[in-house]
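Residue numbers start from 1 in every chain, and the chains themselves are labelled A, B, ... in the order their sequence lines are given, proteins ahead of strands. These figures come from a predicted structure and were not determined experimentally.
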Amino acid sequence: MSQTASSPNADPTGDGVPPHRYTPALAQQLELAWQARWEAEGTFATPNPVGRLSEGFERVAHLPKAFVMDMFPYPSGAGLHVGHPLGYLGTDVTSRFLRMDGHNVLHPMGYDAFGLPAEQFAVQTGQHPRVTTEANITAIRAQLRRLGLDYDQRRTFATIDPGYYKWTQWIFLQIFGSWFDDRAGRARPIEELVAELGAGTRTPAPGTNPSGRPWTELDDVERQKVVDAHRLAYLHQAPVNWCPGLGTVLSNEEVTADGRSERGNFPVFRRPLTQWMMRITAYADRLLDDLDRLDWSDSLKLMQRNWIGRSTGARIGFSCGSETVEVFTTRPDTLFGATYMVLAPEHPLVATLTASAWPDGTDPRWTGGAATPAEAVAEYQRQASRRSDMDRQAEGREKTGVWLGVTAVNPVNGRELPVFIADYVLTGYGTGAIMAVPGEDTRDWEFAEAFGLPVVRTVQPPEDFDGGAYTGPGPMINSANDELSLDGLDKTTAIEKITAWLVAHGSGEATTTYKLRDWLFSRQRYWGEPFPIVYDENDLPIAVPDSMLPVLLPEVDDYSPRTFADDDADSVPVPPLSRAAEWTTVELDLGDGPLTYRRETNTMPNWAGSCWYYLRYLDPGDDARMVDPELEEYWLGPRSEGDVGGVDLYVGGLEHAVLHLLYARFWHKVLHDLGHVSSEEPFRRLINQGYISAHAYTDERGFYVAASEVVEKDGAYFHEGRPVTREYGKMGKSLKNVVTPDEMIGAYGADTFRVYEMSTGPLEQSRPWETKAVVGSQRLLQRIWRVVVDEETGAVRAADVDPAEDTLRALHRTIAGVRDGLGTLRFNIAIARITELTNHLTSAYGATSPVPRSVVEPLTLLVAPLAPHIAEELWSRLGHDDSLAWHQFPVADERWLVEDTVEVAVQVNGKVRAQVTVPADSDAQALEAAARKDERIAGYLDGATVRRVVAVPGRLVNFVLG
RNA sequence: GCGGGAGUGGUGUAACGGCAGCCACGCCAGACUUAGGAUCUGGUGCCUUCGGGCGUGCGGGUUCGAAUCCCGCCUCCCGCACCA
């Protein structure tokens with residue numbers, strides 16, 4: 001190998017650069033050569049224990065496995081900037097380190113390629129999205145390959161490959177083909193539900209059997225509808241987030257707090273529509289509880305916890321005329337303080353409850369200025385539907401609402417509570433109705449203030465409390481009826497007691513609610529996975545048999561869904577696939593002879609493909625199975641009793657905290673319940689890599705100027721001689737501050753780029769990009785090169801000479817430090833230790849003296865995970881034929897980590913006053929004695945009273961004077 | 001508003017409760033050079049009367065000893081945002 005990359009630097013100008021210096025040109029030359037060799041030799045082919053990728057497994061069979069991966073990229077046409085590879089480099093360094101440190105490492109990469117940008121580009125140009133997507137993938141693959149990443153290329157795939165989305169569809173059918181058994185707390189095949197319903201050992205779940213007649217009396221279609229309503233993937237007519245500007249519906253997660261699309265920032269409207277839903281709410285408890293078993297950051301877990309939003313409390317019924325209004329509350333203990341009720345404007349009982357006329361003497365604040373309750377309600381509902389989606393934020397928290405003209409009865413004391421509608425109560429949470437306790441709830445207090453409603457305090461505030469609602473702890477007051485008194489109790493006890501009373505009187509029960517909603521799974525788009533679903537003559541959904549998968553995306557003339565004016569709330573979705581007339585109608589024999597069916601024309605959301613791709617890396621070519629259970633067990637299975645299993649290290653951005661990461665966990669748990677995977681979680685350990693930001697500059701008009709052309713002078717910044725203002729933000733086209741890896745590789749080589757990017761901080765830390773600092777990493781690699789190769793002659797300087805003791809100590813300290821840094825993803829520490837050793841060798845051995853082989857060989861291996869090309873080249877020049885990728889990583893020798901003597905600080909009253917050198921194993925007494933002998937210390941102690949002496953062996957001595 | 005995280009030289013950062021600032025950028029000086037935006041060597045927290053003093057956002061506390069632990073405050077970043 002060394003022959004291919006050892007040609008001396010051309011020196012036509014005689015500019016004094018030594019002919020064998022590690023220059024950018026040489027770096028590039030040897031990087032390309034090593035990348036070619038790795039590929040030709042299949043250096044990074046990871047053997048599976050069984051199957052078609054198992055060649056060479058015997059070599060690693062005895063080793064522990066490590067599955068390391070990144071969140072795969074979406075192949076955008078813009079290519080990568082220097083921020084993108086940060087995580088990829090982190091996993092690459094880790095993967096290379098673990099491989100050298102005795103692991104069978106799986107480090108794959110793929111492409112998340114369905115999605116909106118390719119489709120929008122296709123809509124504009126008429127180019128098939130597959131063409132542009134595949135071109136983008138090719139370009140990004142080339143960029144990544146040039147970084148020297150150690151992917152097993154045999155395992156690469158894209159979510160748009162029919163051989164992949166066949167199994168995405170298969171998993172959909174698994175989810176469609178199952179239901180969640182609440183008693184067992186897990187998913188089971190739907191056939192088992194049918195059997196239990198037929199056997200009478202189970203009755204339909206609440207809300208699944210609209211007719212209410214027994215199962216045995218239902219006809220086939222009715223039965224099918226009951227069964228369908230139990231499925232984990234089910235059709236549901238419900239208000240959805242319809243985005244006319246995008247021509248599609250969106251999941252709750254894709255809608256921002258101010259009611260706009262996360263992508264494109266178009267207005268989003270709530271409108272009823274029949275769509276596919278995924279019953280992720282069935283898994284809310286497991287998704288929440290199992291977070292405790294994951295090695296994820298606390299902040300990320302917290303984001304998922306908040307998103308799932310479990311709260312425990314009680315459901316309480318308030319009778320209102322002939323109806324009962326159910327509310328959810330986390331504070332049933334405050335029931336005696338309820339003085340009014342509020343329903344969400346969209347609450348289904350609003351129309352029924354609304355009175356025909358205002359009673360005499362109705363407070364004008366309660367009527368909204370309308371002549372009748374019905375008019376007031378209609379007008380308020382109209383406003384609320386607009387306001388809730390358009391500009392709730394701008395409205396602030398000012399409380400609005402109208403009275404329905406009726407009262408409900410507080411079950412605990414018979415008090416008449418006026419019933420309002422107000423938009424501060426949300427239809428989607430709890431029951432969409434609340435009991436209002438202004439004394440102990442800030443929002444209720446504000447509403448009560450605005451509407452002149454009474455306040456009854458049921459928790460005793462502290463004496464000095466002068467605020468409105470009191471939400472703190474305190475003894476219960478004013479809370480007793482003939483049968484029950486909560487007075488004097490604390491909150492927890494009071495909740496128990498009131499809940500028991502409510503249950504006994506049939507007025508309520510303890511319950512749990514979640515913020516998490518079921519996952520809207522239909523999109524009116526072209527560039528996504530088609531559903532493997534057809535509809536029969538009854539419009540009932542039927543699974544396409546596994547044998548007919550994949551359901552391929554048909555060709556269409558027009559890729560766009562029909563889009564509408566941004567604010568056209570009444571528009572109706574028209575998916576592109578509905579235009580493929582010869583595709584939407586299909587004749588199939590599903591066991592009853594050939595019949596005509598209608599295909600589902602929605603496609604799956606972008607998240608589907610990323611929900612399970614980690615499983616497919618195990619063998620993307622397997623056409624018979626989603627994943628071989630034996631491979632899943634080996635790479636992902638639990639390692640011990642109670643272990644959740646999963647990918648050993650997953651690195652990606654925090655922007656996926658509640659979308660991808662929640663959906664993937666959900667799918668994985670379903671697959672686990674159905675027996676397809678042994679692991680309970682997809683990602684055992686997860687790291688959020690930081691972002692790379694960059695400075696950006698605006699001229700006096702406020703326009704961004706190319707950051708690369710800005711020069712600094714005396715602390716001010718100039719573009720073409722004119723002063724500019726420095727800002728700081730995400731790297732991107734609009735800020736004109738993009739730096740690409742290609743530019744950096746062109747200027748310095750991939751190894752320098754890798755080392756620089758890894759040296760700027762721990763992987764999880766966000767950091768600014770600073771091109772001018774990259775040269776420091778270049779200098780480091782140059783010095784390392786110079787330690788091994790004589791720059792003038794090209795001769796290898798390594799020789800079989802014994803290193804001096806201080807060099808040996810430096811080496812082993814470095815080994816320990818580098819192992820620590822690489823093992824904890826603090827690559828900056830590893831690089832600092834390598835720099836120290838290199839600087840030590842440079843000053844100890846100069847530019848030409850022989851350098852001990854026993855030091856430079858380990859140094860080369862230490863560098864290898866970070867700068868693999870230069871390390872391979874040096875390793876080769878040191879006389880090794882094989883790649884060092886599989887060579888044992890150096891292990892520090894304890895003997896050289898302990899010093900014979902140590903310098904110990906001597907403090908007087910906590911201030912360092914002297915240093916003494918003592919044998920490393922000196923005990924406290926010896927330490928104190930040595931410290932007292934020091935002249936300066938003796939001076940301090942002279943005439944003073946030593947009250948106390950703290951002597952910590954190996955650390956310091958502290959004299960405390962009185 | 002609620003929740004979480006973070007504040008250390010000009011900059012990125014480092015420091016088992018034990019000598020604050022490893023390593024690097026930048027800057028200063030020097031060497032080699034016709035030249036330096038290459039390379040190498042040295043210096044570089046602040047103040048100083050050269051004895052030393054002061055320094056980890058601010059103020060308290062615990063401790064022989066605090067960047068580190070505790071309490072309060074300030075600032076910045078992130079998430080959620082009327083979630084009953």
Determine the contact category for [X]: base if any of its heavy atoms lies under 4.0 Å from a base atom, sugar-phosphate if only primed atoms, P, OP1 or OP2 are that close, otherwise nothing.
X	value
A:S766	sugar-phosphate
A:Q782	sugar-phosphate
A:I834	nothing
A:R783	sugar-phosphate
A:T842	sugar-phosphate
A:N839	sugar-phosphate
A:R813	nothing
A:S759	nothing
A:R826	sugar-phosphate
A:V952	base
A:E903	base
A:R305	nothing
A:V949	nothing
A:R936	sugar-phosphate

Which nucleotide in [options] has an atom nearest any side-chain atom of [X]:
X	options	result
A:L654	B:C22, B:G18, B:C78	B:C78
A:N958	B:G65, B:C23, B:A84	B:G65
A:T329	B:C23, B:A15, B:A84	B:A84
A:M303	B:U39, B:C80, B:G79	B:G79
A:R786	B:C40, B:A24, B:C80	B:C40
A:Y424	B:G52, B:C19, B:C82	B:C82
A:K399	B:C82, B:C54, B:A14	B:C82
A:V950	B:G53, B:A84, B:C64	B:C64
A:A832	B:C22, B:U39, B:A84	B:C22
A:Q907	B:A84, B:C19, B:C16	B:C19

query: CG of A:N958 to CD of A:E928: how many Å apart, nearest 0.5 Å?
result: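 These two atoms lie 11.0 Å from each other.
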
Problem - Comparing A:A773 and A:S311 on RNA chain B - which has the more 5′ nearest nucleotide - result: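 Its nearest nucleotide lies further toward 5', so the answer is A:A773.
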
The residue, A:T427 or A:F959, whose nearest nucleotide of RNA chain B is more 5′ is A:F959

Rounded to whole Å, how long is the line connecting atom [atom1] of [X] with atom [atom2] of [N]?
X	N	atom1	atom2	answer
A:Q765	B:U11	CD	C1'	13 Å
A:L956	B:A20	CG	P	10 Å
A:E655	B:C80	CD	P	12 Å
A:Y756	B:C23	OH	C1'	14 Å
A:K911	B:G18	NZ	C1'	14 Å
A:D423	B:A81	CG	P	16 Å
A:H840	B:C22	NE2	P	19 Å
A:D298	B:G4	CG	P	11 Å

Is there a donor-acceptor contact under 3.5 Å linking the side chains of A:D518 and A:T281?
yes

Residue-phosphate contact under 4.0 Å: [X] side-chain N/O, [N] OP1/OP2:
X	N	answer
A:R779	B:U39	yes
A:N828	B:C23	no
A:R948	B:U63	no

[N] to [M] separation - [atom1] atoms, rounded to the nearest Å:
N	M	atom1	value
B:A14	B:A24	C1'	11 Å
B:G21	B:G7	C1'	16 Å
B:C77	B:C27	P	29 Å
B:C58	B:G10	P	14 Å
B:G17	B:U68	P	12 Å
B:A20	B:G65	C1'	14 Å

B:C22 base to A:R833 side chain: any donor-acceptor pair below 3.5 Å?
->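 Side chain to base: pair present.
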
Notebook entry, point to check: Is a donor-acceptor pair below 3.5 Å formed from side chain A:E770 to base B:C25, judging by atom type as modelled?
Noted result: no

Could you tell me the Watson-Crick or G-U partner of [N], where both distances fall under 3.5 Å? Say none if there is no partner.
N	result
B:A6	B:U75
B:U13	none
B:A67	none
B:G30	B:C40
B:U56	none

* Go through the steps for A:D820 and A:R826 under the test salt bridge (Lys or Arg N to Asp or Glu O under 4.0 Å), then give the verdict. => CA-CA 8 Å; A:D820 178 39; A:R826 294 181 301 164; 3.1 Å; yes

Short N-O contact, A:D292 and A:R305, less than 4.0 angstrom:
yes

Syn within 90° of 0, anti beyond: B:G9 is syn

Expected label for B:G51 (glycosidic angle, syn inside 90° of 0, else anti) would be syn

* Asked: Would you call the rings of A:F447 and A:Y340 parallel, tilted or perpendicular if under 30° counts as parallel and over 60° as perpendicular?
  -> parallel

Exercise. For the residue pair A:F328 and A:Y429, does the interplanar ring angle fall in the parallel (under 30°), tilted (30 to 60°) or perpendicular (over 60°) class?
Worked result: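 Ring orientation, 0 to 90° scale: perpendicular.
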
query: Given the side-chain rings of A:W769 and A:Y691, with only the six-membered ring counted for Trp, is the space between their centroids under 6.0 Å?
result: no

Exercise. Can the ring centroids of A:F420 and A:F451 be said to lie less than 6.0 angstrom from one another?
Worked result: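 That pair passes the under 6.0 Å test.
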
When you look at A:N737 and A:Y697, which way does the side chain to side chain donor-acceptor pair (under 3.5 Å) test go after all the steps? CA-CA 8 Å; A:N737 60 355; A:Y697 303 86; over 6 Å; no

* Is there side-chain contact between A:L866 and A:I834, with at least one heavy-atom pair below 4.5 Å? ->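 A:L866 vs A:I834: side chains touch.
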
